[in-house]
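Inspection log for the structure reproduced underneath, given as structure tokens.
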Amino acid sequence: MGIFAEYAQLLVEVGVNIQPGQNLVINSPVDCAWFARLCAKAAYAAGCREVIMKWGDDELARERFLHARDDVFDAFPDWQAAFHNGYAREGAAFLNISATNPENLLGVDPDRLVRAQRSAGAAIQEYRNLQMSNAVPWCVASIPIPSWASKVFPDCPGEEAMEKLWDAIFQAIRITGDGGAVARWRQHLDTLAARVEKLNSLRLESLRFTNSLGTDLTIRLPEDHLWAGGGSKTLSGVPFIANIPTEEIFTAPLRDGVDGVVYASMPLVHNGSVIDGFHMEVKAGKIAAVHAKTGEDVLKAAISLDEGASRFGEVALVPYESPISRQGLLYYNTLFDENASCHLAFGEAYPECIRDGARLSEDERKARGLNTSITHVDFMVGTADLDIWGRTRDGQEVPVFQKGNFAL
Ligand code: ZN
Ligand code: ZN
């Protein structure tokens, strides 16, 4: 089997872990059709009932956001809502191939993006809830496309940039072409599971992040919070991996329990724009002010999407010495950059981050301290000198991170 087929098989059999008779929805850019076909073949070989394609295209998305009639962004088509909600309701698996030009929507009116997200958020809420609570298996993974590769390797000619990005991705996802990727992933998931267990046993009350960028942020955690990471399980008990690669363990901050200042340590690609050189002031869980050198309007729009968009939904720990971080690359793609760095997310918290969370309604989760929103945006805060102190419920101070790496 070739290396690309091995990758497709990893995504289908370990990523979404397709079950005999199950439908698979693949969301892919048209540029990546050849790889989507490999995934479809792997899915049918594993007993998939039907592969359903949802195609995307950067250039058409840009044309639409620039030139479609303005009222388009206030209405999400019924048939598209039925597509997402319907396949999620019946328990299909969702594979998302994430490959985009990081600056595809540069210059688009942020108000159009916000309105499009709001109307989609309302229309496909059922799908989003089922996905966020792991009722359906889902997996996000990437392959290079030229516009993205040349942003990561600006000094290389097109072909060479593509090759370099492929090499970097294969290294990041532990594929060497020897057919051993699945075994390496099982071992890696065990490492992450051990970290999750360690953090859960500490029953921390809060975390305090400090570094020389100027970050000094205290994050209180819900009383019955849970750490998660590596492998997930659907409500019916089928294991899957939501992100390939994944190096993080994460939990949910207390909705109104975050205070201080936090500086981003990497640019953030969001809604087709790069947001860079930014920091946030946070009071009682709410982002009170943001300042960015680049893309401040996009960032402000992103945190104003709904009430929960200006509160935090995730705190994730990734050692500075993680394999992806050691590559020293800026991927301009959150799937990779978040796995090279400790990060936070504003917006929705994952229900699995609180005991029995997947069985709770949105209001119940909120009452237990979890944030809810139609958005969830990770941004990177880890540095080589990041210290994180944990405070236990009986008042002990525990070093969680020292100089960017796990101290536990
Ligand atoms: Zn994360
Ligand atoms: Zn996240």
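Counting convention: from 1, in listed order, for ligands and their atoms alike. Model, not experiment: these values are computed from the prediction.
- Using modelled atom types and a 3.5 Å distance limit, the side chains of E314 and H376 yield a donor-acceptor pair.
- A salt bridge is absent between D385 and K403; no separation between the charged side-chain nitrogens and carboxylate oxygens falls under 4.0 Å.
- Closest to the Zn ion (ligand 1) among the N, O or S atoms of E314 is OE2.
- Checked by atom type, the side-chain pair T218/D259 shows no donor-acceptor distance below 3.5 Å.
- Within the coordination shell of the Zn ion (ligand 2), defined by N, O or S atoms under 2.8 Å, D378 is present.
- For the pair OE1 of E248 and NE2 of H343, the angle at the Zn ion (ligand 1) is about 100°; rounding is to 10 degrees.
- Considering W138, Y127, Y87 in turn, Y127 is the only one that fulfils the ring pair (Phe, Tyr, Trp, His ring centres under 6.0 Å) rule with F94.
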